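Beneath this line is the structure, given in structure tokens, with notes to follow.
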Amino acid sequence: MNEINGNMRTIQQISAVRAFVHAARSENKTIGFVPTMGALHEGHLSLLRRAKSECDVAILSVFVNPTQFLPNEDFEQYPRDLSHDSRLAQEIGTDALFSPSVEEMYPNGCLTTIDVPDLSNRLEGALRPGHFRGVATVCAKLFHIVQPHRAYFGQKDYQQYKIIDRMVHDLNLTLTVVSSPIIRDSDGLALSSRNVYLSQEDRRVASSLYKSLKSAEALFHEGENDAEKLEECARSLLRKESLIQVQYMELVDTETLDPIKTVESKAVLLAAIKLGSTRLIDNIILSRNVEGNHSKSNGANHN
Ligand code: AMP
């Protein structure tokens, strides 16, 4: 069943999205696509606004994809509120909201999967084996269904962005993957649909993650290039918070995600922590231009 919500189409069927996209493409319209799992916040909305401003048609997908959750993860509890998402998406001027059911996306399960091994096995992938296979596969399916010219991803999930970008390149898919800056709360915590899991006390402490990344960035801007020292600078700040367990804090190459020993001109510091039973991830790009002047990067420069 498909509805028109204001000027926004709400679509559950793959065939109906295909028809919508076909009509738009036959009018030579460009299509911007924002894939999400819903529970929309300002981070998602920033991607949608960008899609809307850079393309003729903005399509949002809301799909809590079961294949990217490990058996012990929060697939069942993941926050879902489609009417809230629909209202926000419509306010921004989204043209179509695609919210398929699991049966619509996987009527016969999914025997075919996509792996991007070297980028996927480390960091998040080491802690969540199989996660990126689920992400890459569902994104490939969504790209084939929605056929966007541009797909928008948050720098918040840096490893995910790199994996999808590489998949698009390797498989010669005809779209551009765009990375957009991390949107944060006033205390620096990166917005995430999972932040609702945090207790009041956890929420207070959670901002330390961004502070730790900023402290490493400050040290880098003072001239420190040694990866271990920069990582330790961030870790030492987090050690002060007994509620926080660091899962990784790694400076890696911005393209290959290989660990580095020294930051030449650019690297990304990727972090994951556990606060109670909630995992939080964040990152910061450290970059220095060739003249030796320091420049702060928010990672908006990947497209
Ligand atoms: P999710 O619904 O969590 O799967 O996220 C959907 C998209 O929104 C992904 O490309 C995320 O990287 C992006 N995103 C999530 N949180 C933020 C944020 N705080 N700032 C910018 N983009 C975000």
Side-chain angles (χ1 to χ4, degrees), residues 32-52 58-70 73-75 77-82 84-86 88-89 92 94 97-100 105 123-124 128 131-132 134-143 146 148 150-168 175-198 203 206-207 209-210 213 268 270-272 278-285 297-303:
F33 177 44
V34 180
T36 77
M37 297 205 299
L40 297 187
H41 52 64
E42 271 301 318
H44 301 119
L45 299 185
S46 71
L47 302 180
L48 267 175
R49 284 194 196 95
R50 192 160 169 195
K52 188 71 195 162
I59 301 181
L60 164 72
S61 68
V62 171
F63 179 59
V64 185
N65 174 39
T67 69
Q68 69 191 67
F69 287 78
L70 274 68
E73 290 186 344
D74 57 342
F75 175 68
Q77 301 97 292
Y78 197 84
R80 293 164 171 88
D81 190 347
L82 195 61
H84 161 267
D85 293 345
S86 172
L88 292 182
I92 284 186
T94 304
L97 162 57
F98 176 46
S99 62
M105 287 296 281
L123 300 156
E124 279 302 283
R128 307 180 69 191
H131 167 68
F132 286 122
V135 171
T137 305
V138 80
C139 283
K141 282 166 72 73
L142 288 167
F143 291 164
V146 174
R150 292 163 78 79
Y152 294 83
F153 287 82
Q155 188 204 310
K156 158 98 186 338
D157 300 275
Y158 189 87
Q159 190 176 4
Q160 167 176 281
Y161 153 63
K162 277 291 157 195
I163 289 167
I164 299 302
D165 194 40
R166 184 59 194 250
M167 174 188 79
V168 164
L175 66 130
T176 303
V177 178
V178 181
S179 164
S180 216
I182 303 174
I183 306 299
R184 301 177 179 282
D185 234 331
S186 54
D187 65 351
L189 176 65
L191 297 185
S192 162
S193 306
R194 289 189 166 100
N195 288 352
V196 295
Y197 298 153
L198 295 169
R203 176 62 192 81
S207 62
L209 177 54
Y210 182 54
L213 298 175
V268 58
L270 299 173
T278 308
R279 295 187 72 245
L280 298 177
I281 61 170
D282 202 348
N283 66 78
I284 198 162
I285 292 174
S297 167
N298 59 13
N301 49 353
H302 294 291
N303 47 335

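The analysis underlying the following values was restricted to heavy atoms, covering all of them including side chains, and did not include hydrogens, waters or symmetry mates. In listed order, ligands and their atoms are each counted from 1. Every value quoted in this text rests on a predicted model; they were computed, and no experiment measured them.
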Report all side-chain donor-acceptor pairs from residues 35-43 shorter than 3.5 Å, counting only partners two or more places apart or in another chain.
| unit_1 | atom_1 | unit_2 | atom_2 | d |
| --- | --- | --- | --- | --- |
| Thr36 | OG1 | Gly38 | N | 3.0 |
| Thr36 | OG1 | Ser61 | O | 2.8 |
| His41 | ND1 | Gly43 | N | 2.9 |
| Glu42 | OE1 | Arg49 | NH1 | 3.2 |

Checklist line | Partners meeting side-chain hydrogen bond (donor to acceptor under 3.5 Å, both in side chains) with Arg184 (sequence neighbours left out) | finding: Asp282

Identify the protein atoms, limited to N or O, that lie within less than 3.5 Å of an N or O atom of ligand 1, and list each pair with its distance to 0.1 Å.
| unit_1 | atom_1 | unit_2 | atom_2 | d |
| --- | --- | --- | --- | --- |
| ligand 1 | 2 (O) | Met37 | N | 2.9 |
| ligand 1 | 2 (O) | His44 | NE2 | 3.0 |
| ligand 1 | 5 (O) | His44 | NE2 | 3.4 |
| ligand 1 | 10 (O) | Gly154 | N | 2.9 |
| ligand 1 | 12 (O) | Gly154 | N | 3.2 |
| ligand 1 | 12 (O) | Gly154 | O | 3.3 |
| ligand 1 | 12 (O) | Asp157 | OD2 | 2.6 |
| ligand 1 | 16 (N) | Leu191 | O | 3.3 |
| ligand 1 | 19 (N) | Ile183 | O | 2.9 |
| ligand 1 | 19 (N) | Leu191 | N | 3.4 |
| ligand 1 | 19 (N) | Leu191 | O | 2.9 |
| ligand 1 | 20 (N) | Ile183 | N | 2.9 |

Checklist line | Heavy-atom check, side chain of Lys141 versus side chain of Thr67, under 4.5 Å | finding: no

Next item on the list: Mind checking side chain to side chain contact (heavy atoms under 4.5 Å, CB included) for Lys52 and listing every partner two or more places apart, or none if nothing turns up?
Entry: Ala58, Asp95

Check: So how far is it from Met167 CE to Phe132 CZ, rounded to the nearest 0.5 Å?
Finding: 12.5 Å

Checklist line | Member of His131, Gln68, Arg279, Arg128 meeting the side-chain hydrogen bond (donor to acceptor under 3.5 Å, both in side chains) criterion with Glu73 | finding: Arg128

